[in-house]
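As the structure is a computational prediction, the values presented were derived from the model and not from experiment.
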Amino acid sequence: MEYAVIFIVIAFLIGTLGFAIPSKSSRKISVLRIEASKIGFKISSASIGKNLFKNKDFNSMIYQIKNTAKLKEAHFFRDKDELILYSPLKLKYSDEYSEIQNELKNLSPSVEEIIFSKSFISFIWKESKGLDELIKINNLLKNF
């Protein structure tokens, strides 16, 4: 009986330590977020604050970078294989819309949703793609 109690206590301690140690994937994402903040990204959770995204997955992280693009107001979300304009609809009827669509086709399929505002470009993407993918997205957004 004493051995059973000792075994249960040891198993409980090992299990508790197992939860305290971060997994390999969480360490990888942590390093990615640190490197992204060094590049200039602001990273926040979709569950905190005012979420303007259609994607209501609260496990998603929102990446923001200063908007240096010509486009100052637009919201696109991914439907199947392409990013579709959500707002403003007047952009769809402008002369530059076809050029914007061509640029969006070059954007990585890992970007699920993107919002252009006057001061920031905010987007949700699949973080598992890694830092190289984020750098490609950043370079494309700067030239947008």
When rounded to the nearest 0.5 angstrom, what is the spacing between [atom1] in [X] and [atom2] in [Y]?
{"X": "Glu73", "Y": "Phe116", "atom1": "CD", "atom2": "CZ", "result": "12.0 Å"}
{"X": "Asp79", "Y": "Glu112", "atom1": "CG", "atom2": "CD", "result": "12.5 Å"}
{"X": "Ile137", "Y": "Ile65", "atom1": "CD1", "atom2": "CD1", "result": "11.0 Å"}
{"X": "Leu71", "Y": "Leu141", "atom1": "CG", "atom2": "CG", "result": "10.5 Å"}
{"X": "Ile62", "Y": "Ile115", "atom1": "CD1", "atom2": "CD1", "result": "7.5 Å"}
{"X": "Ile34", "Y": "Phe41", "atom1": "CD1", "atom2": "CZ", "result": "15.5 Å"}

How about [X] and [Y]: do any of their side-chain heavy atoms sit closer than 4.5 Å?
{"X": "Tyr3", "Y": "Ile8", "answer": "no"}
{"X": "Arg33", "Y": "Tyr63", "answer": "yes"}
{"X": "Glu113", "Y": "Arg78", "answer": "no"}
{"X": "Leu131", "Y": "Val31", "answer": "no"}

### Message
Determine whether His75 and Leu85 satisfy the following criterion, side chain to side chain contact (heavy atoms under 4.5 Å, CB included), listing intermediate values before the conclusion.
### Response
CA-CA 6 Å; His75 184 168; Leu85 179 67; 5.9 Å; no
### Message
I need the minimum non-hydrogen distance between Ser37 and Ile43, along with the two atoms involved.
### Response
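Minimum heavy-atom contact is N-CD1, 4.5 Å.
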### Message
Restricting to non-hydrogen atoms, name the atom on Ala74 and the atom on Pro88 that form the minimum distance, rounded to 0.1 Å.
### Response
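Heavy atoms of Ala74 and Pro88 come nearest at CA-CD, 3.8 Å.
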### Message
With ring pair (Phe, Tyr, Trp, His ring centres under 6.0 Å) as the rule and sequence neighbours excluded, what pairs involving residues 21-40 come up?
### Response
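Not a single pair qualifies under ring pair (Phe, Tyr, Trp, His ring centres under 6.0 Å).
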### Query
How would you list all residue pairs meeting side chain to side chain donor-acceptor pair (under 3.5 Å) that involve residues 115-124, not counting sequence neighbours?
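Every pair satisfying side chain to side chain donor-acceptor pair (under 3.5 Å) with a residue in residues 115-124: Gln64-Ser122.
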Verify same cluster id: [X], [Y] (apolar side-chain graph, 4.5 Å):
{"X": "Ile84", "Y": "Phe123", "answer": "no"}
{"X": "Leu32", "Y": "Ile39", "answer": "yes"}
{"X": "Met61", "Y": "Ile114", "answer": "yes"}

#### Entry: Within 6.0 Å of CG in Asp81, more than 12 heavy atoms from elsewhere
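12 or below, so no.
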### Task
Can you establish whether the number of heavy atoms outside Lys72 located under 6.0 Å from its atom NZ is more than 12?
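Count over threshold, so yes.
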Return all side-chain donor-acceptor pairs below 3.5 angstrom for residues 99-110, not counting sequence neighbours, or 'none' if the list is empty.
| residue | atom | partner | partner atom | Å |
| --- | --- | --- | --- | --- |
| Gln101 | OE1 | Tyr97 | OH | 3.4 |
| Asn102 | ND2 | Ser98 | O | 3.3 |
| Ser108 | OG | Ser110 | N | 3.1 |
| Ser108 | OG | Ser110 | OG | 2.8 |
| Ser108 | OG | Glu133 | OE2 | 2.2 |

### Message
Clusters formed by hydrophobic residues whose side-chain heavy atoms approach within less than 4.5 Å: which one holds Phe77, and what are its other members?
### Response
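Hydrophobic cluster check, Phe77: joined to Tyr86.
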### Task
Could you tell me which residues satisfy side chain to side chain contact (heavy atoms under 4.5 Å, CB included) with Ile10, sequence neighbours excluded, listed by chain and number?
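By the side chain to side chain contact (heavy atoms under 4.5 Å, CB included) rule, Ile10 matches Ile6, Ile14.
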### Query
Could you give all pairs that pass the salt bridge (charged side-chain N to carboxylate O under 4.0 Å, His left out) test and reach residues 34-45, with sequence neighbours left out?
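Those involving residues 34-45 are Glu35-Lys38.
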